[in-house]
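Below is one structure, written out as C-alpha cells; the observations come after it.
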Amino acid sequence: MCHGKEAKGAVGGALIYGDYSNEKYVAHIREVISYGSKTHASMPGFYHEAGGPLIKEQIDSLVDYLKKLSEKEKASQKKNSK
C-alpha cells in the first residue's frame with residue numbers, strides 16, 4: 001500500500017523503475033525490505049530477524065515479484081513508444 005498500485009509509487013517511492021539486472025541494486029532492495037531504510041524511518045524491516053513477519057523465502061519472493069513488475073513496465077513503455 002505504501003508504494004502504490006503495481007509499485008509505481010505513492011507515499012513510498014516507485015519500486016519498478018530500478019535496474020533489477022544489477023546485482024548490487026537487487027541486494028540493496030532486498031536489504032531495505034529486510035531491515036528497513038536507513039534514510040526513511042517510515043520504511044520498517046519486514047524480515048523476522050528485524051522484528052518483521054517474513055522469512056527469507058518470502059523476502060526473495062517479493063524481490064522476484066518486483067523484478068517481474070519492472071520487466072512488465074519496461075515492456076509496456078517500449079510498446080507504447082512505438
Side-chain angles (χ1 to χ4, degrees):
M1 103 182 127
C2 293
H3 294 278
K5 185 176 179 185
E6 297 184 359
K8 291 184 178 181
V11 175
L15 297 173
I16 62 167
Y17 302 112
D19 183 2
Y20 285 88
S21 66
N22 180 316
E23 290 180 28
K24 288 183 180 182
Y25 179 79
V26 172
H28 171 73
I29 291 296
R30 184 175 282 110
E31 178 81 10
V32 172
I33 292 170
S34 297
Y35 298 102
S37 175
K38 294 176 182 174
T39 58
H40 299 285
S42 61
M43 174 62 196
F46 287 92
Y47 188 39
H48 72 94
E49 289 183 4
L54 304 180
I55 60 173
K56 180 188 180 305
E57 291 79 10
Q58 291 170 307
I59 300 288
D60 292 343
S61 178
L62 280 172
V63 173
D64 289 342
Y65 175 70
L66 291 171
K67 180 180 179 179
K68 288 176 185 168
L69 281 180
S70 176
E71 290 168 353
K72 179 181 169 186
E73 179 66 18
K74 287 176 184 175
S76 175
Q77 287 179 352
K78 189 175 182 180
K79 180 181 174 184
N80 290 335
S81 69
K82 289 183 178 183

Checklist outcome for this item: Here the side chain to side chain donor-acceptor pair (under 3.5 Å) pairs for residues 51-61, sequence neighbours left out, are Arg30-Asp60, Lys56-Asp60
Checklist entry - What distance do Ile33 atom CD1 and Leu54 atom CG have between them, rounded to the nearest 0.5 Å? => result 9.0 Å
Item to check | Heavy atoms of other groups near Glu23 CD, more than 12 under 6.0 Å | outcome: no
Checklist entry - With sequence neighbours excluded, what pairs up with Ser81 under the side chain to side chain donor-acceptor pair (under 3.5 Å) test? => result none
Checklist outcome for this item: Tightest non-hydrogen contact, residues Ala10 and Cys2, listed as CB-O, 3.5 Å
Checklist entry - Could you state the interatomic distance from CD1 (Ile16) to NZ (Lys72), rounded to the nearest 0.5 Å? => result 9.0 Å
Item to check | Nearest-0.5 Å distance that lies between atom CD in Glu31 and atom OG in Ser37 | outcome: 10.5 Å
Checklist entry - Which atom names give the shortest non-hydrogen contact between Leu66 and Ala7, and what distance separates them? => result CD2-CB, 3.8 Å
Next on the checklist: I need the full list of ring pair (Phe, Tyr, Trp, His ring centres under 6.0 Å) pairs touching residues 2-28, with sequence neighbours left out, sorted by first then second residue.
Outcome noted: Tyr20-Tyr25
Checklist entry - Between Ser34 and Ile59, what is the shortest heavy-atom contact and its length? => result OG-CG2, 3.5 Å
Checklist entry - Which pairs count as ring pair (Phe, Tyr, Trp, His ring centres under 6.0 Å) when at least one residue sits in residues 60-82, sequence neighbours excluded? => result none
Item to check | Non-neighbouring partners of Asp64 that pass side chain to side chain donor-acceptor pair (under 3.5 Å), sequence neighbours left out | outcome: none
Checklist outcome for this item: On a heavy-atom basis, the closest approach of Glu6 and Leu69 is O-CD1, 3.7 Å
Next on the checklist: I need the full list of ring pair (Phe, Tyr, Trp, His ring centres under 6.0 Å) pairs touching residues 31-62, with sequence neighbours left out, sorted by first then second residue.
Outcome noted: Tyr35-Tyr47
Item to check | Minimum heavy-atom distance between Lys74 and Asp19, given as atom pair plus value | outcome: NZ-CA, 4.4 Å
